[in-house]
Each structure stands twice: as C-alpha cells, then as structure tokens.
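Okay, structure first, notes after.
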Amino acid sequence: MITVHYFARLRELTGKGEESLDRASLTVEELLDWAEETYPGFGKETIHVAVNEEYARKEDVIQSGDVCAFIPPVSGG
Amino acid sequence: MITVHYFARLRELTGKGEESLDRASLTVEELLDWAEETYPGFGKETIHVAVNEEYARKEDVIQSGDVCAFIPPVSGG
Amino acid sequence: MKRFEIVDTPINPQAYSDLVLHPAAGAVTVFTGHVREWTHGVRTLYLAYEAYIPMAEKKLAEIGAEMEEKWPGVQVAIAHRIGELKISDIAVVIAVSSPHRKEAYEANEYAIERIKEIVPIWKKEIWEDGEQWIGAQKKYPEKGSGSQ
Amino acid sequence: MKRFEIVDTPINPQAYSDLVLHPAAGAVTVFTGHVREWTHGVRTLYLAYEAYIPMAEKKLAEIGAEMEEKWPGVQVAIAHRIGELKISDIAVVIAVSSPHRKEAYEANEYAIERIKEIVPIWKKEIWEDGEQWIGAQKKYPEKGSGSQ
C-alpha cells in the first residue's frame, strides 16, 4: 500500500487530499503515468513527486509503506 | 554673532556644547583655523563644517546669525 | 514556536527577530512578504495558501542550514502562514541575524529565493471574477528530474 | 512619531514597519543595527550615541528622498537612537516597503550605507579599561570640501 497526497490544483482536480494505492512497488515515472491516466488534465510534465518528504527522481522506486506527494509548481513566499 | 556647536570628541575637547563667536563674517576655512588655534588637538583636517544644518565647502562664507557645527567623522548605524 | 514553521494564524515578525538575536549579533534583517492588492493590473480580494506541512517545515530548515553554511555566524528563523490571507497580511517572515550587516542582507534575500524554488507551498489568488492556483516555478529542485 | 527621527528611548521596529506598509506593498524589509558585545576581540560594556539632532533628521529624510527617487514605489522610515545603549539594544532601524522584494532589499542596504556616510551621529565605545569616540568616515559628504 502506497499513500499519495494531492495539493492545490491537484487536490481540486482529484477531489481528494489523499488516497491509497494497492501496489507493492512502482517507479516515480509509473506513478506519474498512473495519475495522468486516472485524472485527465493532471499535467504530469510540470509535477514533481516527493517520496517520504523528499524530492524524488523519475527512476526512483516507491515501496509499499512509502508516503508520496505530487508537488505541482510551488508558489510560496 | 555666529553660533558654533561641538559634538562627540570635540565637545569633550572644548569642554562645551556650543559657543558664540563675535564675528560679522568669515569663511569655513577661517573658522577651522580659528578652532585649531584655540583648541590644540582639534584636528581640523578630519572635520567638516555644517552651516545652517548643511555641509559647507571651505570657501563658503559664514555670516553673522548663521548656526555652524563642527562635524567630526560620523559613526552612526 | 519553532525556528522553521508553517503557521495558520497571523505572524508576529518581532517573535522571529527575537529568536535570532544574541549578544554577538550586530545586524538583524527581517523580511515580510505581504498580500498585495494589485498584481499585473488585477485586483486581488484575498489569497489562500496551502502547504505540505511536514515537508515544507523540513525544507525551510534545510534552507536555514544552507544559509548557516554559506554565511558562517548567521542565525535564521522562517515562518510561512497558510489559510486565507487578506490584503497586507504577512504570508512569510524571514529573520536573519549576523555579526555584520552585509551577510544579514545577503542571506535573507537568498532565503526568499530558495523558498520560492523548493518549499511545497501553494498560493491561490482570488479575484472578483475568478481564482487561480499560482505556480511560477522556474528552476527545478536539485534532486528532481530535469525532464519533468 | 516621524518617518525620519532621532529618539532617546528604545526603538520598536514594528512601529516603523507599520508606517511604511500599504495595500500595494508586497515586501517589507526591516533592518535593525544592534549593540554587539565583541568588536575586533574587544569587549564592549555599552555604547553612547550623540547626534546633531535637527541636521541628522534632515539628512535621514534626504536619504529617504534619494531612495524614493532611485527605487520608485518604495516607502521608507528610519530612526536612530541616542544616549546610552546596552548590548543587543537597537541603535538604528530602517523600514522599507516596496511592491516587489528586490527593491526592498536593495534600498534598505543603500540606506544604512548612506547613514554611515552623511548623518551627523557619533558613537562612543565604552570598554572595561577605556572608551573612545569612533569615526570611520571614509567617504566625504558630497557637498564637503575634498581636502578636509
């Protein structure tokens, strides 16, 4: 089980703040592909993925138990 | 009559905060020369003169009624 | 109160300035970012900020560590507010102390640039006739994939 | 309370920040200069500041006018304290607001440099074994004679 968080535009698009994926493991790129297919208009090209609160590379592998977050372009400050 | 103010090191050197000079007019350079002669150790090379609260040039003429101040190197901030 | 935190109540800059002041500090710079009424000719009614709180606080602390390494002797506190903010409210405060002033200015400006690059916080502008999530991220985080 | 003033009581930075805040201001920088305990390995007990008050306030206002000309849209407030100050006390506060942050940083740093150049204020350091009036004036005021 992998937890994924949605924020800002993505929270509004998906209609949820988080959900669980019943997967043992997948890469960051696969997670982005899954999101793009599941939620039309996700816009994966502009989105980073954080795994356990750290920015991850596309080839990084996400394991069951990891907490992921989709990070659209930030705009704090 | 010309009023002159002394600050910081010069106030301590002269033992006064201000005094009046019974002169009708003199240049800034003459005022500095007078101070150097009157108060040994005045150190006129490092001192500016303000006339009516504005920095003055050595050749500027001070008139009776003007308020002057000797401005040693500043150190605010 | 923490040196690096996300808060959902009004920010008091003095509290963060007090956190970084110490007897060897000759200079303190405090930057506050405020909600501006007009942006590019469009009137903002209010802003809504959202954060991935635990990661955002971690990234703020990382920025603080970067600053203390780049400018030895500086001390740093940063807070960012989330929720709905009205015009002139403080969205972010950065307090930096340093023995000397130059470092206090430089380090402070560095902090706001880094916040805008890597801290997972998002701003929504709400206007009279609409609203939009803002995302002006130009540089990708160092550890992110370059092709995303 | 004035935008450019010499005071003989403790400085509250927030009061000056409040003076420059307005709905078009997106950024406020507040610099405070504090009495530092150690300078070049010598321990300071306290400082005494003295000013030619009317001229100092006039020069502070001139610096503010220079800033508003160089960085259109900035608003400025500056106060300097005189009298005896103990360690960590605020000697000077500079508050600058601006629509955008870059100008708020730049203008603020400009202000402290100009204060150290042209404002008739003097600092005396009092140590355990002595005291001295400090004068580190490197550049002469623009209207002064170059040979003095």
Side-chain angles (χ1 to χ4, degrees), chain B residues 2-21 26-37 39-63 65-77, chain D residues 6 31-36 39 47-63 78-82 85 90-94 109 111-125 131-148:
Chain B
I2 292 163
T3 303
V4 293
H5 287 280
Y6 301 97
F7 295 100
R9 181 180 68 79
L10 302 181
R11 184 178 45 71
E12 294 183 355
L13 177 81
T14 63
K16 61 189 80 166
E18 64 175 272
E19 67 183 318
S20 296
L21 288 195
L26 78 175
T27 66
V28 164
E29 184 159 28
E30 287 166 344
L31 179 67
L32 283 164
D33 289 342
W34 168 83
E36 189 74 37
E37 281 162 33
Y39 303 106
F42 199 75
K44 67 175 183 178
E45 309 74 24
T46 65
I47 294 167
H48 287 276
V49 170
V51 178
N52 301 327
E53 302 172 10
E54 189 52 76
Y55 289 108
R57 287 177 295 264
K58 278 174 114 171
E59 63 272 22
D60 287 350
V61 176
I62 301 160
Q63 307 284 354
D66 283 345
V67 175
C68 299
F70 292 107
I71 311 284
V74 302
S75 51
Chain D
I6 303 295
F31 171 86
T32 45
H34 298 256
V35 179
R36 205 172 48 222
T39 297
L47 296 184
Y49 280 97
E50 183 172 323
Y52 182 18
I53 297 175
M55 182 172 168
E57 293 189 336
K58 190 174 151 188
K59 289 289 158 192
L60 292 177
E62 276 181 29
I63 293 169
I78 308 177
H80 202 297
R81 184 175 169 192
I82 56 173
L85 275 70
I90 297 172
V92 59
V93 61
I94 303 164
E109 193 166 7
I112 185 65
E113 301 301 331
R114 289 295 278 160
I115 288 169
K116 288 173 177 284
E117 283 172 7
I118 68 163
V119 181
I121 300 173
W122 300 273
K123 170 170 69 174
K124 187 191 223 175
E125 293 184 357
E131 58 179 45
Q132 184 168 25
W133 285 103
I134 307 299
Q137 193 180 37
K138 296 276 173 28
K139 296 183 189 171
Y140 291 98
E142 280 166 22
K143 297 188 76 173
S145 162
S147 67
Q148 281 181 32

* Examine distances only and state if a side-chain atom of B:Y55 and a backbone atom of D:I118 form a donor-acceptor pair shorter than 3.5 Å. => yes
* Would you mind reporting whether D:K124 and B:E12 have side-chain heavy atoms less than 4.5 Å apart? => yes
* **Value rounded to 0.5 Å, distance of OG in B:S75 from CD1 in D:I115** => 13.0 Å
* With only heavy atoms counted, which part of B:E29 is less than 4.5 Å from chain D, the side chain, the backbone, both or neither? -> neither
* Part of D:Q132 lying under 4.5 Å from any heavy atom of chain B -> neither
* **Considering all heavy atoms, the nearest B:G77-D:A91 contact** => O-CB, 4.3 Å
* To do: Against chain B, label D:A51 side chain, backbone, both or neither, depending on which of its atoms sit under 4.5 Å from a heavy atom there.
  => backbone
* **Heavy-atom closest contact (B:G76 atom, D:K116 atom, distance)** => O-CG, 3.5 Å
* To do: Please look at D:K123 and chain B and tell me whether the side chain, the backbone, both or neither of the residue comes under 4.5 angstrom of a heavy atom of that chain.
  => both
* State, with a plain yes or no, whether a side-chain heavy atom of B:E54 is found less than 4.5 Å away from one of D:K59. => yes
* Asked: Would you call D:E50 and B:R11 a salt bridge, using N to O less than 4.0 angstrom?
  -> yes
* To do: Can you measure from CZ (B:F7) to CD1 (D:I121) and round to the nearest 0.5 angstrom?
  => 11.0 Å
* Structure fact -> Counting heavy-atom pairs under 4.5 angstrom with chain B, the leader among D:Y49, D:W122, D:Y52 is D:W122
* Heavy-atom pair of closest approach, residues B:I71 and D:M55 -> CD1-SD, 4.3 Å
* Output the distance between atom CZ (B:R9) and atom CD1 (D:I134), rounded to the nearest 0.5 Å. => 12.5 Å
